[in-house]
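One structure is given here, and the rest of the page talks about it.
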Amino acid sequence: MKRPKLKKASKRMSCSKRFKIQKKVREHKRKVRKEAKKKGINRKPKRDISIPNNAPFKEDILREAEQRKQRREELKNQQKLERQKEVAKKRKLEEKKEKPDEKKQKVKKKPVVAKPKKPAVKNPTRSMCEQVNKVIEAADIILEVLDARDPLGSRCMQAEQAVLQSPNKKLLLVLNKIDLVPRDNLEKWLQFLNNQLPTVAFKCSTQVQERNLPGVGKKRGPNCIDISKGTLSYGAASLLKILRSLCSPQTETIKVGLIGFSNAGKSSLINTLKQYRVCNVGAVRGTTRIMQDVNIDGRIKIIDSPGLVVSPDNPPATLLMRSAFLSDEENHMDGVTKILKHCDKQQIMLRYNVPDYRNPLEFLDLLAHKRGLLKKKGLADLEAAAKFFLNDWMGAKLCYYTQPPASFTSHIDDKLTSAMKKAVNCKIIEEENRRNIKAVRNPTPSSSISFHYSQITNGILDVNEIKVEDQVLSDQEEEEEMEEEEDVNKDEKNEMPDAEEEKSESKEKTVKSVSFDKPAEAENDDYDFNADFN
């Protein structure tokens, strides 16, 4: 037997329900129209009187009409300014007539009070140098953080010598960002650095546990910690193990100071060890400006410091890569040429996916078109492309590497090297470094760029070597003196005697009267749009 087909549901409804729906729809449309009327959306634009298309010389007529309109607007603005001047002069005359007695009375001289001088702007490089010296003096162990992409260029000879001068301080090297260089290159650099000072391989986590946030909603409690997803860190446990082994039972806590050039990863290293965001971290250079104490546990206290000050005697490429302050006024094109000069051309082409280029300008043109950095009419924005390229190289994402030098004369004596190795258990460091190198994921040499420049960087630790910006102070003093002179001149004008005032009034009377009559209106030669062209 065939099954009976199911009937479709009826669309019929009661009249009361239909009328109710219609009423709701009308109310909604009325509300929408009312809101649109307030905002002025549905207002009909005023209809302009247009010239018919069959009128002769239509373009000339429109051009003339627009010129007349501009002339009328200029004439209105001129008349408005003249009226304002006339009103201002009338007010001055009325004020003089209303207060004749006040002018005759001598005004007592007010004592000129010297304004307090504004505090002089402190040189940021000078303050950073002072902070670094304080960290070196206060710490028992100094960790110099190096960038694995250019370990020799991120070392500072002056800072290491200042630490090694005191016999009680220990100096260790931390090779950070080991995930941005090939594995073979990393092993060569570790062997090269370990011959001079004990070196620990390290890789910071990009995002660590954020600060305790207040409870929001029902699911979060008041002591909930917001954990953000980020990359894993390698070498944190091994570094803590080495630091704990250096703690003596006599001292309760040991102070560990971090030094290094800007963007080496000092603040990120502290956040990784603490597993908690206690230091500000950013891609901008010079984020850390003052020293900061952080308790890792009951026995270890780490002191964060600002970046080391780079000496201006360094080569241009070193200043570009290591300097903490890069002003926007500097020529970014020169920075791109300095970097491209020491890079392999084919690797740059593969990394940025651009065709062959002859010079840096052509490379920036190709890069701008590739990244969509264009100006009006499709012209390439070379300045924006140069900034993009430099930010890529100064950041912590680009994979490039340098080779250790074949011959290098160390500035550290063999006695100091052996003393540092005796103070630290080198076997533990070697085992932990092997474990971390195996665990970390390194790029291949083909996917990274070889940078053919590696030279130790000279820094400044003596505050007297930094040139003070005297020009800023002198400009401030001149501005303050000018303000004081203006105040004195105003007081002297107010204290003018009666005789001089009468003379000035008589002179004003003899001055020829200025006419403020309105200018004759221009002839109304507007085009008559109602003319008949038939």
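- Ring geometry for Phe363 against Phe389 counts as perpendicular: the plane angle is over 60°, on a 0 to 90° scale with 30° as the lower cut.
- In this structure, Pro405 and Leu152 approach most closely via the heavy-atom pair CG-CD2, 4.0 Å.
- You'll find the side chain of Asn271 stays beyond 4.5 Å of the side chain of Ser205, heavy atoms only.
- Summarising the geometry, atom CG belonging to Asp392 is positioned 5.0 Å from atom CG belonging to Leu398; distances are rounded to the nearest 0.5 Å.
- Within a 6.0 Å sphere centred on CG of Asp414, heavy atoms belonging to other residues, nucleotides or ligands number 12 at most.
- Side-chain contact between Ile270 and Lys266 is absent, with no heavy atoms from C-beta onward closer than 4.5 Å.
- A salt bridge links Arg149 with Asp147; the closest basic N to acidic carboxylate O contact falls under 4.0 Å.
- Val181 approaches Asn185 most closely through the heavy-atom pair CB-OD1, 4.2 Å.
- Between the OH atom in Tyr352 and the CG atom in Leu367 there is a gap of 7.0 Å [rounded to 0.5 Å].
- A donor-acceptor contact closer than 3.5 angstrom is absent between the side chains of Asn314 and Thr457.
- The two residues His332 and Ala386 make their nearest non-hydrogen contact at CB-CB, 3.7 Å.
- Under a cut-off of 6.0 angstrom, the local environment of NE2 in His452 is crowded, with over 12 non-hydrogen atoms contributed by other residues, nucleotides or ligands.
- Glu187 places no side-chain N or O within donor-acceptor distance of the main-chain N or O of Ile437, the cut-off being under 3.5 Å.
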Point to revise | Test salt bridge (Lys or Arg N to Asp or Glu O under 4.0 Å) applied to Lys427 and Glu430, step by step | key: CA-CA 5 Å; Lys427 291 182 179 179; Glu430 291 176 1; over 6 Å; no
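- With values rounded to the nearest 0.5 angstrom, Ile302 atom CD1 is found 5.5 Å from Leu258 atom CG.
- Counting heavy atoms from C-beta outward, Leu320 and Pro316 have side chains that stay 4.5 Å or more apart.
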Exercise for review: Please step through side-chain contact (heavy atoms from CB on, under 4.5 Å) for the pair Lys38 and Glu35, ending with a clear verdict.
Suggested key: CA-CA 5 Å; Lys38 286 181 181 178; Glu35 291 176 356; 5.7 Å; no
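- The two residues Ala264 and Val145 come nearest to each other via the heavy atoms O-CG1, 3.5 Å.
- A distance-only check finds a donor-acceptor pair linking the side chain of Glu144 to the backbone of Cys156 [under 3.5 Å].
- No donor-acceptor pair closer than 3.5 Å links the side chain of Thr402 to the backbone N or O of Tyr453.
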Point to revise | Worked verdict on Lys370 versus Asn353 for side-chain contact (heavy atoms from CB on, under 4.5 Å) | key: CA-CA 8 Å; Lys370 189 70 180 176; Asn353 196 12; 3.3 Å; yes
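- Under a 3.5 Å cut-off, the side chain of Gln131 and the backbone N or O of Ser305 do not form any donor-acceptor pair.
- In this structure, Asp365 and Leu382 have side chains that are in contact, with non-hydrogen atoms separated by less than 4.5 Å.
- We find that Glu431 and Arg434 are not joined by a salt bridge, their nearest charged nitrogen and carboxylate oxygen being 4.0 Å or further apart.
- From Leu239, atom CG reaches atom CD1 of Ile429 across 9.0 Å, with rounding to the nearest 0.5 Å.
- Residue Ile428 holds its CD1 atom at 11.5 Å from CG of Asn433, rounded to the nearest 0.5 Å.
- At a threshold of 4.5 Å between non-hydrogen side-chain atoms, the residues Met420 and Pro198 count as touching.
- With respect to Asp381 and Arg371, no salt bridge is recorded, no charged nitrogen being found less than 4.0 Å from a carboxylate O.
- In the displayed structure, Lys169 atom NZ is contacted under 6.0 Å by more than 12 heavy atoms of other residues, nucleotides or ligands.
- Between Val294 and Lys274 the shortest heavy-atom distance is CG1-CD, 4.3 Å.
- Asp293 places no side-chain N or O within donor-acceptor distance of the main-chain N or O of Lys301, the cut-off being under 3.5 Å.
- Side-chain atoms of Gln292 do not come within 3.5 Å of backbone N or O of Asp304 as any donor-acceptor pair.
- In terms of modelled atom types and a separation under 3.5 Å, the side chain of Arg322 and the main chain of Asn458 share no donor-acceptor contact.
- Using a 4.5 Å heavy-atom cutoff, the side chains of Ile296 and Arg244 are not in contact.
- Within the structure, every pair that satisfies the ring pair (Phe, Tyr, Trp, His ring centres under 6.0 Å) test and touches residues 152-195, not counting sequence neighbours, is listed here: Trp189-Phe192, Phe192-Phe408.
- Considering every non-hydrogen atom in both Leu180 and Lys397, the closest pair reads CD2-O, 3.9 Å.
- Residue Gln191 places its CD atom among 12 or fewer non-hydrogen atoms of other residues, nucleotides or ligands, all under 6.0 Å distant.
- The OH atom of Tyr400 sits 16.0 Å away from the CG atom of Asp344 when rounded to the nearest 0.5 Å.
- Remark: Lys421 NZ is packed, more than 12 non-hydrogen atoms of other residues, nucleotides or ligands lying under 6.0 Å away.
- By the 4.5 Å heavy-atom criterion applied to side chains, Asn442 and Cys399 are not counted as neighbours.
- Between the side chain of Ser447 and the backbone N or O of Thr444, at least one donor-acceptor pair lies under 3.5 Å.
- Taking 4.5 Å as the limit, every side-chain heavy atom of Glu160 sits out of range of all side-chain heavy atoms of Leu416.
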Check your understanding: Going through the checks in order, is the side-chain contact (heavy atoms from CB on, under 4.5 Å) test met by Leu173 and Gln196?
Key -> CA-CA 10 Å; Leu173 302 179; Gln196 301 174 32; 5.9 Å; no
Practice item. For side-chain contact (heavy atoms from CB on, under 4.5 Å), just list the numbers for Met321 and Asp150, CA-CA rounded to whole Å, side-chain angles, deciding distance to a tenth of an Å, and then say yes or no. Key: CA-CA 10 Å; Met321 301 286 286; Asp150 186 11; 5.7 Å; no
